[in-house]
A.B. asks: 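First the structure, which I've put down as structure tokens, then a few questions once you've had a look.
Below, chains carry the letters A, B, ... as their sequence lines are ordered, and counting in each starts from 1.
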Amino acid sequence: MPKTENHPVKSGDHVFLVDGSSYIFRAYHALPPLTRKSDGLPIGAVHGFCQMLWKLLRDAEENGDADKPTHLAVIFDYSAKTFRNEIYDQYKAHRPEPPEDLRPQFGLIREAVKAFNVPGIELEGYEADDLIATYARQAADKGATVTIVASDKDLMQVVGDHIEMMDPMKERRIGPAEVEEKFGVGPEHVVDVQALAGDSVDNIPGVPGIGVKTAAQLILEYGDLESLLQRAEEIKQPKRRQNLIEHADNARISRRLAELKSDVPVETDLGELSVRAPEPERLIAFCKGMEFTTITKRVADATGVDAAKVEPAEVPFKYWPPEGGEGGEPKADRPAKTKVAEKTEDQRQAAVQPAGGPGSPSAAVEAGAAAARCVPIDSSAYEMVTTLDVLDAWIAEAMTAGVVAVDTETTSLDAMQAELVGVSLATGPGRACYIPLGHRASEGLDFGDDRPEQIEMSEALKRLKVLLENPGTLKIAQNLKYDWLIFIRHGIDVAPFDDTMLLSYALDAGRGGNGMDELSRRWLDHEPIKYADVAGTGRNKVTFDLVPIDRATEYAGEDADVTYRIWQVLKPRLAAEHLATVYETLERPMVPVLARMERRGITIDRAMLSRLSGDFAQAAAALEAEIHDLAGESFNVGSPKQLGDILFGKMGLPGAKKTKTGAWTTGASVLEDLAAEGHELPRKVLDWRQLSKLRSTYTDALPGYVNPETGRVHTSYALAATTTGRLSSSEPNLQNIPVRTEEGRRIRKAFVAEKGMKLVSADYSQIELRVLAHIADTPQLKQAFDDGLDIHAMTASEMFGVPVKGMDPMIRRRAKAINFGIIYGISAFGLANQLSIPRQEAADYIKRYFERFPGIRDYMEDTKAFARAHGYVTTIFGRRCNYPNITKGHPSERAFMERAAINAPIQGSAADIIRRAMIRMEDELRKARVKAEMLLQVHDELIFEVPEDTVDDAIPVIVRVMQEAPLPAVSLKVPLQVDARAADNWDEAH
DNA sequence: CCTGCCCCATA
DNA sequence: GTATGGGGCAGGA
């Protein structure tokens with residue numbers, strides 16, 4: 001045992017208290033599992049713990065006196081039962097047993113603490129948190145500074161002027177300000193908030209319906225828990241008042257459970273925690289015994305001790321793996337392969353190109369489906385490729401076959417940030433391999449640890465490039481845009497290709513998802529290995545480079561195999577179902593176009609957004625105060641539930657409606673109506689909502705998407721997400737950047753061109769109404785568009801017989817609503833809602849509209865009938881939008897699908913038109929020798945970045961390509977109008 | 001930590 | 001009345 005020393009704590013000392021227990025769990029869950037190489041003893045948490053402790057000691061050393069610990073201890077929980085169980089027997093009752101491979105590590109960590117020559121403290125009947133609170137209090141009272149190394153939020157109540165927390169994983173310091181950020185109240189009121197909100201992890205009951213946000217509001221208003229409970233009668237919201245009264249005792253018990261004891265009768269005196277002289281040999285012996293090579297080296301380097309001369313310590317636990325369990329040996333039931341094995345006869349048969357052979361399309365469909373299923377899917381049958389010879393053999397095989405399925409494994413879902421980890425290939429059903437390239441040993445913590453045996457990445461890619469760019473080899477991938485982005489970063493431009501996701505989308509949009517797992521289930525009756533099964537989930541999740549290579553081979557090989565088979569099933573269907581043109585002209589060519597747009601990204605002005613965020617926050621705070629004033633109480637304006645209680649419960653305002661779950665409706669239209677009646681509060685809530693929406697969704701979120709390497713924001717476009725053919729944009733969604741309000745447009749101004757460049761925005765004017773005029777062949781609409789008239793005014797004039805000149809804006813507004821309603825598959829109910837008029841009045845408008853535009857009524861009826869008869873509708877370019885359940889389900893659901901079916905050809909044709917423009921755009925710009933780059937698409941708008949001096953050359957090309965996009969496939973009966981403008985930012989260009 | 005709900009930004 | 005994606009809140013694993 002180390003000699004006990006006692007240096008009483010005095011002013012200016014710095015006491016470090018490490019929460020051992022929470023750290024064990026944290027290290028266990030956050031870090032990849034790790035076992036001792038020689039005998040499989042699980043040591044991941046011990047390893048993480050030692051790294052943290054060593055770093056803590058070294059940092060303190062290097063940071064000099066201010067941060068140097070004079071006293072240091074690691075505090076543990078003693079056992080599960082504590083004094084809190086006497087207060088409440090259910091306390092922590094639902095906590096599961098620790099995982100099997102964590103249990104032996106509790107003892108090991110105590111050994112580790114001894115090896116560091118640091119005191120380890122625990123006491124029966126108390127939790128580590130209580131001991132920490134006690135020591136912290138004692139030290140602070142003596143004028144010392146205290147740092148609590150812990151991540152447990154329960155300890156935040158201890159934070160104060162001289163007591164701060166430090167999160168060992170996030171390396172973040174937590175002072176009173178951070179506590180307030182988390183709990184909405186200062187450290188002194190954390191327990192009150194916890195008492196109200198409860199804690200499901202610790203099984204602290206709290207008060208139902210009250211979360212942290214609400215609890216903080218209440219405590220801020222009433223001061224503390226006891227005052228709140230005594231004045232609970234004053235609470236205005238009936239439900240909450242009742243809960244607070246009924247569960248008052250629960251809240252009091254919860255407070256006692258949450259409150260940490262700062263007067264524990266500790267057995268070890270605070271002074272005994274004084275930092276002791278290190279004993280490097282002992283620490284090195286322990287680390288060597290645990291086989292922590294990196295830490296051993298670090299300790300040896302830092303202390304000047306020769307590690308080779310230190311004998312490894314005997315570490316007491318040896319019982320792993322458990323009896324009867326498997327050893328650590330990788331499975332060795334497959335002979336190592338030195339060359340590519342011969343194909344089986346089945347594989348040879350099945351690898352025929354499904355669409356290439358003779359015979360009718362339907363015969364090809366059957367042949368493809370049969371071929372895809374004739375070899376069973378066996379994930380253990382894939383070959384791991386670790387030599388150049390084997391790789392070359394696979395590449396040769398793929399070249400000979402002429403078709404190869406390809407899939408990449410990477411470290412991230414974000415293709416702009418992902419690092420390549422491996423590539424899998426399939427040359428036929430069941431005939432797949434995996435080429436690991438960037439795997440690391442799962443003991444990735446030990447930097448520089450040996451890399452598993454793999455082909456060197458650049459060498460492998462040099463050879464794969466030949467295959468992937470070979471014009472004679474068709475590459476098949478599922479969602480190729482992702483892999484394309486990965487490969488292009490390595491200088492590989494994949495072509496030619498097929499994309500199974502897009503095949504499925506062209507064939508079956510609206511019939512279900514187009515993800516690989518779903519396609520595998522649908523077409524192969526096969527459930528693929530889940531990503532979570534190889535990489536773990538939640539806290540245990542690791543990036544793919546840490547997945548063991550044999551497991552990765554099963555997973556990645558299966559992906560390529562399944563992709564190949566799905567292609568065999570779907571590709572022949574294209575011709576048979578007359579969707580080959582759609583796929584080849586509207587889907588497949590979009591992949592490189594969108595990939596390049598995503599890769600370019602767009603610059604945002606972060607300073608501008610940051611200023612805006614501040615402005616919005618300030619304005620919202622002022623509004624919030626006024627709202628609370630008007631309400632006569634403080635509440636969470638962001639909670640529709642609480643707002644509803646105030647408006648319709650407390651204030652008893654009219655127009656109360658309930659949603660289907662029984663909550664008050666507080667949507668914008670309801671608040672607008674109330675505001676129109678002269679109520680002040682709803683108007684302010686609307687303004688508040690606008691500001692907080694703009695702040696949380698845009699000014700605060702967007703800077704987080706700036707790619708650190710490019711300094712730009714790269715959205716991701718989904719090609720197969722909608723039923724109509726529209727794209728969608730996510731992470732971030734750049735298709736919903738505000739534009740309607742002045743405040744919102746300030747956000748749009750933050751999307752800027754680079755220096756010396758301009759942003760050009762080009763958008764189709766009224767494209768959907770023009771498409772409608774074409775499809776429904778409506779003479780008045782066609783004429784109006786030909787003459788360049790105001791289409792909504794013309795509609796109003798037709799309907800109500802008033803001249804366009806000097807028209808009442810209200811009349812025009814109604815006509816505009818009707819025009820939009822038509823596109824959306826109008827109903828009297830919806831139109832009435834939109835215009836806030838009686839349903840009968842809306843029905844009259846619609847009737848009148850159809851009298852004036854009978855062709856449109858015919859279109860709507862014909863479309864519905866077609867959809868019911870066939871289960872789908874088509875756009876003018878032949879894209880198919882499926883509504884398989886349009887004849888099933890409840891009448892209201894059917895009506896919904898009918899409206900969608902009416903809308904789909906209009907929305908979808910417009911989507912097709914802009915797709916065609918996008919596909920041609922790059923070539924046309926190149927031919928015109930204009931350096932414009934297409935950055936964004938927002939359904940009817942394209943945004944380009946153009947060198948300032950070529951703007952005037954670029955705009956005519958852009959406009960022409962967009963206007964002529966339907967040609968030659970379709971000659972629209974109305975002209976397309978495109979407006980384009982250049983400016984320094986998106987707002988002014990739009 | 002994930003899910004459903006409500007609300008809201010765009011075309 | 002169409003098509004999306006996403007944030008905050010509250011509840012339950």
A.B. asks: For residues A/S613 and A/D700, is any side-chain donor paired with an opposing acceptor at under 3.5 Å?
C.D. replies: yes
A.B. asks: Any base atoms under 4.0 Å from A/T214, or only sugar-phosphate, or nothing? Heavy atoms, all strands.
C.D. replies: sugar-phosphate
A.B. asks: Touch check for A/I826, heavy atoms < 4.0 angstrom, all strands: base, sugar-phosphate only, or nothing?
C.D. replies: base
A.B. asks: Assign a letter to each nucleotide of nucleotides 5-11 of chain B from its 5' end: B, base within under 4.0 Å of a protein heavy atom; S, sugar-phosphate only; -, no contact.
C.D. replies: SSSBBBB
A.B. asks: Taking the side chain as C-beta and beyond, is there a heavy-atom pair between A/V771 and A/Y764 under 4.5 Å?
C.D. replies: no
A.B. asks: Counting the atoms with a prime plus P, OP1 and OP2 as sugar-phosphate, which does A/F829 contact under 4.0 Å by heavy atoms, base, sugar-phosphate, or nothing?
C.D. replies: sugar-phosphate
A.B. asks: May I ask you to say whether A/D844 pairs ionically with A/R848, meaning some side-chain N is under 4.0 Å from a carboxylate O?
C.D. replies: no
A.B. asks: Counting any heavy atom closer than 4.0 Å, what does A/S827 reach on the DNA or RNA strands: base, sugar-phosphate only, or nothing?
C.D. replies: base
A.B. asks: Sorted by first residue and then second, give each salt bridge (charged side-chain N to carboxylate O under 4.0 Å, His left out) pair with at least one member in residues 727-738 of chain A; sequence neighbours left out.
C.D. replies: none
A.B. asks: Report which part of the nucleic acid A/A817 touches: base, sugar-phosphate, or nothing (heavy-atom distance under 4.0 Å, all strands).
C.D. replies: base
A.B. asks: Can a salt bridge be assigned to the pair A/E768 and A/R726 using a cut-off of 4.0 Å between side-chain N and carboxylate O?
C.D. replies: yes
A.B. asks: Ion pair present between A/K749 and A/D987, side-chain N to carboxylate O less than 4.0 angstrom?
C.D. replies: yes
A.B. asks: Scan A/E731 against the nucleic acid and name what it touches under 4.0 Å (heavy atoms): base, sugar-phosphate only, or nothing.
C.D. replies: sugar-phosphate
A.B. asks: Under a criterion of less than 4.0 angstrom to any heavy atom of chain A, what are the 5'-terminal and 3'-terminal contacting nucleotides of DNA chain C?
C.D. replies: C/dG1 to C/dA13
A.B. asks: Relative to the ring of A/F648, is the ring of A/W664 parallel (under 30°), tilted (30 to 60°) or perpendicular (over 60°)?
C.D. replies: tilted
A.B. asks: Is it true that A/E898 and A/R868 have a side-chain N and a carboxylate O under 4.0 angstrom from each other?
C.D. replies: yes
